[in-house]
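Reading through the structure tokens given below for one structure.
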Amino acid sequence: GAVVSQHPSWVICKSGTSVKIECRSLDFQATTMFWYRQFPKQSLMLMATSNEGSKATYEQGVEKDKFLINHASLTLSTLTVTSAHPEDSSFYICSASPPPQGRTFFGQGTRLTVV
Amino acid sequence: GDSVTQMEGPVTLSEEAFLTINCTYTATGYPSLFWYVQYPGEGLQLLLKATKADDKGSNKGFEATYRKETTSFHLEKGSVQVSDSAVYFCPPQNFGNEKLTFGTGTRLTIIP
């Protein structure tokens, strides 16, 4: 079945540095991918919609200059957390749906810890 | 927009107990309904789904029935196991709309 893979699974970085998270669709092409952030009490918040070949669409309240999204190919979207701070520490999850749209597949998630 | 209300957790049960996790939704159109499960430290996996009223989705002993009249999709399992400990989500989704709306999820802990 369709698989969405995220990398890395976890990362620790120092405050002020940038971190890149990759989301790949392994056996299908995804013109759209989604990035979610999961807060400590487990709610999933949609951050942005990643669109292949065009700018990402950010949800209200999400800083686009802070969370840079690049969807340069039909199988890869990247989320870069720029100038990371401890409050950016969280679990980030991506998702995509192979055509025809219906079932959604999620990446394994990335645990980001900023120290 | 779409929204979902889930039973507040955490839910703690003994092994072999009966499980019900309530889920009600608000959505435009005629959405498909899903239950996703998130095991510790992992992403979300599809547990089961139903695409139309009165459909019953089932998997791994879990069941949920699409109740259009009450806009609900409650998850049930007759005898839970320790390995069922996870967080459960029930987002509605309309065909053609890849964006999912999640509630807070329900954390389930099964004790031996």
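Since this is a predicted model, take the numbers as computed values, not measurements. Note on naming: letters A, B, ... go to the chains in the order of the sequence lines (proteins, then strands), and numbering restarts at 1 for each one.
- Contacts between A/Phe39 and chain B at a heavy-atom distance below 4.5 Å are absent for every atom of the residue.
- Cluster membership check: A/Phe91 does not share its hydrophobic cluster with A/Met45, using side-chain heavy-atom separations under 4.5 Å among Ile, Leu, Val, Met, Phe, Trp and Tyr.
- The minimum heavy-atom distance linking B/Lys99 with A/Tyr36 is given by the pair C-OH, 4.5 Å.
- Chain A is approached within less than 4.5 Å, heavy atom to heavy atom, by B/Gly105, B/Thr106, B/Arg107 from residues 105-112 of chain B, ordered by number.
- Rounded to the nearest 0.5 angstrom, B/Tyr36 OH and A/Ser95 OG are separated by 8.0 Å.
- Within the 4.5 angstrom heavy-atom criterion, only side-chain atoms of A/Leu46, from C-beta onward, approach chain B.
- The 12-atom threshold is not exceeded at CD of B/Glu8, counting heavy atoms of other residues, nucleotides or ligands nearer than 6.0 Å.
- Heavy atoms of other residues, nucleotides or ligands lying less than 6.0 angstrom from NZ of A/Lys55 number 12 at most.
- If you chain together hydrophobic residues whose side chains sit under 4.5 Å apart, A/Ile21 and A/Tyr58 fall into the same group.
- Other residues, nucleotides and ligands contribute only 12 or fewer heavy atoms inside 6.0 Å of the CD atom of B/Glu16.
- Linking Ile, Leu, Val, Met, Phe, Trp and Tyr whenever their side-chain heavy atoms come within less than 4.5 Å puts B/Tyr66 and B/Tyr88 in one cluster.
- Contact annotation for A/Thr32: both backbone and side-chain heavy atoms come within less than 4.5 Å of a heavy atom of chain B.
- Neither the backbone nor the side chain of A/Gln6 comes within contact range of chain B; no heavy atoms are under 4.5 Å apart.
- Under a hydrophobic-cluster definition in which Ile, Leu, Val, Met, Phe, Trp and Tyr are linked whenever side-chain heavy atoms come within less than 4.5 Å, directly or via other members, A/Val3 and A/Leu76 are assigned to different clusters.
- There is a path of hydrophobic side-chain contacts, each under 4.5 Å, that joins B/Met7 to B/Leu75.
- Scanning residues 38-54 of chain B against chain A with a 4.5 Å non-hydrogen threshold yields B/Gln38, B/Gly41, B/Glu42, B/Gly43, B/Leu44, B/Leu46, sorted by number.
- For the set B/Val87, B/Thr101, B/Asn94, B/Leu100, the entry with the most heavy-atom pairs within less than 4.5 Å of chain A is B/Leu100.
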